[in-house]
Amino acid sequence: MKRYGWNIIIVLTVLVLSCETASDIRLRKGATSSVMTSFVYPDSVVTVNVYGTVSVLDTTRVSDLGNGEVRLNVQGESATRYVVDGSHSAKFGYPDVKEGDTVSILAMFGDTEMSAKTYIPTRPEMTMIDTMYNTTMDRMYFFIEMSDAPTTPDYYQLILTRKYINEKGHQVKEAIECNYYDYLFYQATIGLTQTFIGLFTDETINGQQYTLKLSIPVADIWKDVPEENDVAIDIALYHHTEDYYLYARSVASVESYLLLPVFMSSNVYSNVDGGFGIVSGMSCEVETIVFNRNKTE
């Protein structure tokens with residue numbers, strides 16, 4: 001059994017949506033065609049994305065809302081950024097966002113006004129990670145022990161990525177497709193698309209220590225890696241809000257059954273008032289394991 005040092009990395013998520021004509025969209029009753037998205041992490045740049053009409057016919061372009069302003073409020077402290085015509089985002093450089101903080105965002109563009117509110121979940125805790133190489137199956141198994149708070153419903157996501165130096169000397173970082181054979185993951189994804197695989201709740205493990213289980217083919221770990229180089233595997237455990245969980249589940253359902261882009265269906269969950277989209281706080285804990293070929297072959 002091995003213990004490795006914690007490496008905290010913040011992953012900013014930006015959703016790119018597209019536009020053509022407003023008539024291509026089926027929005028839920030009471031919503032407009034404007035879209036706002038933002039994923040807020042502690043001690044990180046906050047990016048707010050704003051879009052006009054969105055189309056199912058073209059996934060390469062987005063429309064503008066024109067000139068406007070975006071206001072970010074963290075625990076009563078406000079900041080404003082102005083967005084010019086042709087731009088789709090406002091960036092707030094490292095505001096003082098901490099675990100437990102309440103965050104609200106207001107976007108104003110002419111007659112369009114969108115707002116949303118979220119909070120920053122506490123940082124999740126992985127207490128131990130163990131690995132096992134199955135030579136018969138030629139797979140690397142991961143056992144991730146985590147702690148869950150007993151007082152609140154919680155929503156998590158477990159994602160693995162690999163980092164290596166390719167033959168040209170450039171660093172490559174990409175997600176790894178895992179076999180999430182723990183029943184918690186099946187409960188969360190119910191056999192839908194792989195887009196949000198690794199998402200689960202604490203409904204059946206509330207307040208307990210629990211060991212999550214997954215595996216990766218060894219061939220996938222070493223794919224395109226030069227003979228002399230190692231591979232670093234980042235094991236990231238995210239703590240999400242319920243809004244993100246509902247959004248992710250609804251997007252997975254839409255992509256699986258309707259084959260439509262993210263915000264093109266009235267079935268996709270939204271927590272944006274006066275528009276459409278998702279604003280959610282997140283926190284993350286990451287552990288990095290470095291493999292060399294002598295240990296996995």
Side-chain angles (χ1 to χ4, degrees), residues 2-14 37-48 72-77 92-105 116-130 142-161 163 173 175-176 178 180 182 184-185 188 196-214 232-248 271 278-290:
K2 301 178 181 180
R3 294 291 299 274
Y4 300 86
W6 299 115
N7 297 313
I8 306 305
I9 61 173
I10 302 300
V11 182
L12 292 177
T13 305
V14 178
T37 67
S38 184
F39 301 94
V40 186
Y41 295 81
D43 304 314
S44 181
V45 172
V46 176
T47 300
V48 181
L72 173 70
N73 186 292
V74 181
Q75 294 295 107
E77 297 292 327
F92 298 82
Y94 295 94
D96 188 23
V97 181
K98 306 296 183 185
E99 297 175 22
D101 283 353
T102 298
V103 177
S104 59
I105 298 174
K117 193 173 185 178
T118 189
Y119 68 94
I120 308 300
T122 57
R123 186 170 132 187
E125 183 181 2
M126 292 185 288
T127 55
M128 185 174 295
I129 290 181
D130 194 12
F142 294 80
F143 305 92
I144 298 105
E145 185 177 274
M146 62 169 289
S147 293
D148 177 62
T151 57
T152 58
D154 293 289
Y155 307 88
Y156 300 101
Q157 191 170 19
L158 184 66
I159 298 177
L160 269 63
T161 58
K163 297 182 295 187
K173 183 175 182 179
I176 301 177
C178 303
Y180 295 88
D182 192 289
L184 287 182
F185 300 114
F196 291 95
I197 197 71
L199 196 67
F200 63 99
T201 77
D202 70 342
E203 183 176 355
T204 59
I205 62 168
N206 189 40
Q208 302 179 39
Q209 294 276 119
Y210 189 81
T211 301
L212 304 166
K213 310 170 190 68
L214 55 86
I233 304 294
D234 284 345
I235 302 170
L237 181 63
Y238 293 85
H239 192 182
H240 292 299
T241 65
E242 182 180 20
D243 282 330
Y244 180 86
Y245 178 77
L246 295 173
Y247 154 78
N271 69 341
I278 180 69
V279 172
S280 181
M282 302 179 183
S283 60
C284 181
E285 182 74 42
V286 178
E287 182 169 345
T288 300
I289 302 177
V290 178

First locate atom [atom1] of [X], then atom [atom2] of [Y], and finally report the distance between them rounded to the nearest 0.5 Å.
X: His240; Y: Tyr245; atom1: NE2; atom2: OH; value: 11.0 Å
X: Ile159; Y: Tyr238; atom1: CD1; atom2: OH; value: 5.0 Å
X: Gln157; Y: Phe200; atom1: CD; atom2: CZ; value: 9.0 Å
X: Met146; Y: Ile144; atom1: CE; atom2: CD1; value: 10.5 Å
X: Glu287; Y: Leu237; atom1: CD; atom2: CG; value: 11.0 Å
X: Ile289; Y: Asp234; atom1: CD1; atom2: CG; value: 9.5 Å

Is a side-chain N or O of [X] found less than 3.5 angstrom from the main chain of [Y], in a donor-acceptor match?
X: Ser38; Y: Thr47; value: yes
X: Asp202; Y: Ile205; value: no
X: Lys213; Y: Thr211; value: yes
X: Asn206; Y: Glu203; value: no

Over all atoms of both residues, closest heavy-atom pair of [X] and [Y]:
X: Thr288; Y: Ala232; result: CG2-CB, 3.9 Å
X: Ser283; Y: Pro124; result: OG-CD, 3.5 Å
X: Asp182; Y: Leu212; result: OD2-CA, 3.9 Å
X: Gly198; Y: Tyr180; result: CA-CE2, 3.7 Å
X: Ile235; Y: Phe142; result: CD1-CD2, 3.9 Å
X: Met126; Y: Glu285; result: CE-O, 3.4 Å

For a side chain to side chain contact (heavy atoms under 4.5 Å, CB included) check, start with the C-alpha distance between Ile120 and Tyr41, then their side-chain angles and the critical distance, and finish with the verdict.
CA-CA 7 Å; Ile120 308 300; Tyr41 295 81; over 6 Å; no

Under the side chain to side chain contact (heavy atoms under 4.5 Å, CB included) criterion, do Lys117 and Thr102 qualify, and how do the steps go?
CA-CA 7 Å; Lys117 193 173 185 178; Thr102 298; 3.2 Å; yes

Aromatic ring proximity His239/Tyr156, centre distance under 6.0 Å:
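Between His239 and Tyr156, the centre distance is under 6.0 Å.
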
Checking Leu72 now: which residues fulfil side chain to side chain contact (heavy atoms under 4.5 Å, CB included) with it, not counting sequence neighbours?
Val46, Val74, Phe92, Pro95, Val103, Ile105

Check the pair Val97 / Asp43 against side chain to side chain contact (heavy atoms under 4.5 Å, CB included), numbers first and verdict last.
CA-CA 5 Å; Val97 181; Asp43 304 314; 5.9 Å; no

For a 4.5 angstrom cut-off between non-hydrogen side-chain atoms, does Tyr210 reach Asp148?
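No, too far: nothing below the 4.5 Å cut-off.
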
Qualifying residues under side-chain hydrogen bond (donor to acceptor under 3.5 Å, both in side chains), relative to Asp243, sequence neighbours excluded:
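With sequence neighbours excluded, Asp243 shows a side-chain hydrogen bond (donor to acceptor under 3.5 Å, both in side chains) to Tyr269, Asn271, given in chain and number order.
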
Partners passing side-chain hydrogen bond (donor to acceptor under 3.5 Å, both in side chains) against Thr152 (at least two apart in sequence or in another chain)
Asp154

Parallel, tilted or perpendicular, as decided by the 30° and 60° cut-offs, for the rings of Tyr247 and Phe39
tilted

Between Thr122 and Glu99, a side-chain donor and acceptor under 3.5 Å:
no

Please test Met282 against Tyr244 for side chain to side chain contact (heavy atoms under 4.5 Å, CB included), starting from the C-alpha separation and ending with a verdict.
CA-CA 9 Å; Met282 302 179 183; Tyr244 180 86; 3.2 Å; yes

Is atom CD of Gln208 surrounded by more than 12 heavy atoms (other residues, nucleotides or ligands) closer than 6.0 Å?
yes

